[in-house]
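Report on one structure; see the data block that follows.
We number each residue from 1, following the sequence as shown.
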Amino acid sequence: MVHKEPESEPWFHGFARTGSAVLAHFICFGFTALIAVLSGPGSSLFSWHPFLMSLAFSLFMTEAILLFSPHASPIKKLSHKTKGQIHKVLQGLCMSCAVLGLAAIFYNKSLNGKPHFSSWHGRLGLLTVCVVVAQSLAALPLSFPSLAKGWSLAKLKYYHAVSGLVVYLLGSASLLLGLCSAWFTASVRDFTWFLSALCPALSALIIMNQVSRACMAKKRLQS
């Protein structure tokens, strides 16, 4: 039986994916830098909330996923195992920043006698942080295979990628809702707000494309 070689995709498809992945790198650093400048971390207790959340979901989580990009990984030449180790570090930083960011806003509201989780941003943010922690704990069998009783590592990696994409989309939605807050809308003009809103939206589309393509490729190999 003769197997046909898979047709190579048009060059502009690869060029577009490389360009979009590179754009995602610029977006995550640029957006985080903007939030850092506007919030002035350390200037108040509240200032730590937007800064830490942008670090968690715009910088660390985005870069943790882009490590595996076949088009624009900053450590493309390193082994998959090494990429996995760096991915764990970045995800650990993401989870730590998310928990600290939640703690900062919770304590700040308690000090000022304001209600907790009264907005969609607050509710979705709480859900996102809880899911981040849960997803990180669920990934432990990937580092300690003895915990993966009755599960194949291939399936665990697939579920980890899919759940990670869900977490990333939740984080992006939380960032978008945060841009609708009174603090941010009072800090920027309309055009800056529009560009800022594009950042998590574009990053989410780019990451969704990368992860979905990787998951489909794995499924084809397993079938």
Side-chain angles (χ1 to χ4, degrees), residues 24 26-65 90-139 162-209 211:
F26 281 104
I27 286 175
C28 72
F29 280 98
F31 182 82
T32 305
L34 173 65
I35 299 299
V37 170
L38 293 176
S39 63
S43 58
S44 66
L45 179 58
F46 169 80
S47 68
W48 289 108
H49 173 68
F51 175 64
L52 288 169
M53 289 306 193
S54 64
L55 274 180
F57 297 109
S58 178
L59 183 61
F60 291 137
M61 189 171 245
T62 304
E63 288 299 324
I65 298 173
L90 290 175
Q91 281 299 106
L93 289 171
C94 168
M95 183 177 69
S96 300
C97 287
V99 171
L100 290 172
L102 177 63
I105 194 62
F106 188 90
Y107 187 45
N108 183 69
K109 284 182 176 286
S110 297
L111 289 178
N112 292 285
K114 294 182 178 180
H116 298 290
F117 315 117
S118 57
S119 66
W120 283 110
H121 170 61
R123 296 183 195 115
L124 186 62
L126 174 63
L127 173 64
T128 302
V129 173
C130 291
V131 175
V132 164
V133 174
Q135 203 250 356
S136 297
L137 293 175
V162 173
S163 62
L165 176 58
V166 173
V167 173
Y168 189 84
L169 294 177
L170 284 172
S172 298
S174 296
L175 290 176
L176 275 170
L177 288 175
L179 299 182
C180 299
S181 66
W183 166 74
F184 190 79
T185 53
S187 302
V188 299
R189 296 182 178 179
D190 291 345
F191 182 69
T192 305
W193 186 92
F194 178 74
L195 288 179
S196 301
L198 275 178
C199 290
L202 285 174
S203 291
L205 288 173
I206 294 167
I207 293 299
M208 187 164 55
N209 178 265
V211 175

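- Residues A173 and L124 approach most closely at CB-CD2, 3.6 Å, considering heavy atoms.
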*Might you work through the side chain to side chain contact (heavy atoms under 4.5 Å, CB included) test for L137 and V133, ending with a clear yes or no?*
CA-CA 6 Å; L137 293 175; V133 174; 4.1 Å; yes
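- Of the possible polar contacts, one joining the S47 side chain to the G42 backbone as a donor-acceptor pair under 3.5 Å is found.
- Considering every non-hydrogen atom in both H121 and S174, the closest pair reads ND1-O, 3.1 Å.
- For S54, there are no side-chain hydrogen bond (donor to acceptor under 3.5 Å, both in side chains) partners, not counting sequence neighbours.
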*After noting the C-alpha distance and the side-chain angles of I105 and W48, does the key distance pass the side chain to side chain contact (heavy atoms under 4.5 Å, CB included) rule?*
CA-CA 8 Å; I105 194 62; W48 289 108; over 6 Å; no
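- At least one side-chain heavy atom of F31 sits under 4.5 Å from a side-chain heavy atom of L175.
- Between F51 and S39 the shortest heavy-atom distance is CB-OG, 3.8 Å.
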*Is there a side chain to side chain contact (heavy atoms under 4.5 Å, CB included) between M61 and I207 once you walk through the steps?*
CA-CA 10 Å; M61 189 171 245; I207 293 299; over 6 Å; no
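- S110 meets the side-chain hydrogen bond (donor to acceptor under 3.5 Å, both in side chains) test with H116; sequence neighbours excluded.
- Scored by the side-chain hydrogen bond (donor to acceptor under 3.5 Å, both in side chains) test, S96 finds no partners at all (sequence neighbours excluded).
- The closest donor-acceptor contact from the side chain of N112 to the backbone of N108 lies under 3.5 Å.
- A pairwise comparison of heavy atoms in C28 and S58 identifies CB-O, 2.8 Å as the closest pair.
- In this structure, H49 and L102 approach most closely via the heavy-atom pair ND1-N, 4.5 Å.
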_With side chain to side chain contact (heavy atoms under 4.5 Å, CB included) as the criterion, how do F60 and M95 come out once you've worked through the C-alpha distance, each side chain's angles and the decisive distance to 0.1 Å?_
CA-CA 9 Å; F60 291 137; M95 183 177 69; over 6 Å; no
Distance-only donor-acceptor pairs under 3.5 Å for side chains of residues 182-194, two or more places apart:
unit_1 : atom_1 : unit_2 : atom_2 : d
T185   : OG1    : S181   : O      : 2.9
T185   : OG1    : A182   : O      : 3.2
S187   : OG     : W183   : O      : 2.6
W193   : NE1    : L179   : O      : 2.6

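- A64 and Q91 make their closest contact through CB-OE1, 3.5 Å (heavy atoms, listed as atom of the first residue, atom of the second, distance).
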Hey, can you pull the donor-acceptor pairs under 3.5 Å for the side chains in residues 162-170, sequence neighbours left out?
unit_1 : atom_1 : unit_2 : atom_2 : d
S163   : OG     : Q135   : NE2    : 3.1
S163   : OG     : Y159   : O      : 2.9
S163   : OG     : H160   : O      : 3.1
Y168   : OH     : T62    : OG1    : 2.8

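- With sequence neighbours left out, the side-chain hydrogen bond (donor to acceptor under 3.5 Å, both in side chains) criterion links S203 to no other residue.
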